[in-house]
J.: 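I have a structure I would like to understand better, so I am pasting it below and will then ask my questions one at a time.
Here is the naming used below: chain letters follow the sequence lines, and residue numbers restart at 1 for every chain.
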Amino acid sequence: MSMIEIKNVSKWYGTFQVLTDCTTNVEKGEVIVVCGPSGSGKSTLIKVVNALEPFQKGEIVVDGTEVNSPKTNLPKLRARVGMVFQNFELFPHLTITENLTLGQIKVLGRSKDEAVTRGLKYLDRVGLIEQKDKYPGQLSGGQQQRVAIARALSMDPICMLFDEPTSALDPEMVNEVLDVMVGLAKEGMTMMCVTHEMGFARKVASRVIFMDKGRIVEDASKEDFFGKPRSERAQQFLAKILHH
Amino acid sequence: MLGNFDFNVIERSWGYLFREGMTFTLTLTALAMTGGIFFGTLLAMMRLSSIKPLAWIAGVYVNLMRSIPLVLVIFWFYFLVPYIGAYLIGSSQPIKVGAFYSSVITFTLFEAAYYCEIMRAGIQSVSRGQVSAGYALGLDYWQVMAKVILPQAFRNMIPILLTQTIVLFQDTSLVYVLSITDFLGAASKVAQRDGRLVEMYIFAALVYFVICFGGSLLVKQLQKKVAIVR
């Protein structure tokens, strides 16, 4: 059974179709990189996986749970799927430690001590343990994004979704975030990453999904995708982003 | 001209003015503010709800309250609340509410409409991404509201909430229509009794001015602080 199965998913905003008949799956331990021009629906595709965005047609199954079944306990499902956002979205009124423990305490029902221990373990892992009592506004963008990854990890997720995690960062901070992601990938975390970082894709991706105008145009191993992309659109895209 | 003034009347009535009048004014302000912000926040959540009937009901309520003079609302509630209360508990006799509770209920419900609009702006000032981040952690609607959105909405809106409270503090003087002795009512009674209208009304205006102006200076300070924290 796949970790994430996406079957014939279509989504509309009013009359505008953002996703058209998208089908793919993510096996346990796979790292999938989703790329494509802006407006191609790649962010939407990962947001429907944990039901942050509803979809009108098709089916998504995450670890055996049907996402758009009315019987599904969405908070419970989302608690098992870690998510990292483009704009970090740490809670600015809470300290770093409180950011790390809120979900653990409220959703997983862990004691405060246990939550703090776990949270700080992951904070240490992303190299920011000395920042634990600060507020998000006191950290750099790269540091905030690493905290956001630690926050997602401290929920012990079965897979992680990354929505352009480095797009809002200053260039010199991109690597500190990518390093954490590469580390995760090497440990066998199942990941679905929307990103334009092709270096990251080459290093750790199992497969690359290329989207255009709401459709999955290519779904190929990274060797095939970078070596001989089948569609013309993907070829153009790669030519543009690799030759600068 | 000032020679004819007798400001001793203030000294003589000091205890009555403050211990009775001002205590009532401040109590009513505090209760109506607390209740108003509580119900106003709930109304704001209703107005922003994706459940259309809830949003509609809250919208009608807020627009109605904001379109009627407060004095009228005070009157209506004073006369209607005993009957509504009786209807709710199934009593055949109108229940006894009393001028004090009637005024607390009225001001709470009236101010809720204004606090609602402030809290609505406050909730909308928090980015959508924060909501998504809360949901993505597995929090439910009430948890996202209580732990993520409302704390930030309050912090952003503290200056405006306080400004509205200063307006409320002044508006409480309208309880004179229910013959309740608030600060202005007390001053007015002393003025009539001792025939010292000008002195008492000057003094009352001065007291209101000092409190409200002091309050607005405090708001300015807070505004600076909130701006820095962000």
J.: Counting distance only, does the side-chain N/O of A:S206 pair as donor-acceptor with the main-chain N or O of A:V31 below 3.5 Å?
T.: yes
J.: Can you name the side-chain contact (heavy atoms from CB on, under 4.5 Å) partners of A:L169, sequence neighbours left out?
T.: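 Applying side-chain contact (heavy atoms from CB on, under 4.5 Å) to A:L169 gives A:F88, A:T166, A:M173, A:V174, A:V177.
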J.: Could you tell me which of A:L108, A:L102, A:L161 has the largest number of non-hydrogen atom pairs under 4.5 Å with chain B?
T.: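 Looking at each of A:L108, A:L102, A:L161 in turn, A:L102 comes out on top.
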J.: Keeping A:E66 on the side-chain end and A:N68 on the backbone end, is there a donor-acceptor pair under 3.5 Å?
T.: no
J.: Among B:G138, B:G134, B:A133, which has the most heavy-atom pairs under 4.5 Å with chain A?
T.: B:G138
J.: Only counting residues at least two apart or in another chain, list the ones meeting ring pair (Phe, Tyr, Trp, His ring centres under 6.0 Å) with B:F209.
T.: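 If we apply the ring pair (Phe, Tyr, Trp, His ring centres under 6.0 Å) test to B:F209, skipping adjacent residues, the hits are B:F213.
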J.: What part of A:F91 gets within 4.5 angstrom of chain B, counting heavy atoms only: side chain, backbone, both, or neither?
T.: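 Contact with chain B: backbone and side chain both.
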J.: Give a yes or no on whether B:I51 atom CD1 has more than 12 heavy-atom contacts from other residues, nucleotides or ligands under 6.0 Å away.
T.: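 Atom CD1 in B:I51 is not packed in, count stays at 12 or less.
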J.: In chain order, what residues pass the side chain to side chain donor-acceptor pair (under 3.5 Å) check against A:N25, with sequence neighbours excluded?
T.: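 Checked A:N25 against side chain to side chain donor-acceptor pair (under 3.5 Å); matches are A:S2.
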J.: Any donor-acceptor pair under 3.5 Å linking the side chain of A:S10 with the backbone of A:T20?
T.: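 The answer is no, because no donor-acceptor pair under 3.5 Å joins these two groups.
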J.: Using only distance (under 3.5 Å, no hydrogens or angles), which donor-acceptor pairs connect chain B and chain A?
T.:
residue	atom	partner	partner atom	Å
A:E89	OE1	B:Q130	N	3.3
A:E89	OE1	B:Q130	NE2	3.1
A:L90	O	B:Q130	NE2	2.9
A:H93	NE2	B:K147	O	2.7
A:K106	O	B:Q143	NE2	3.4

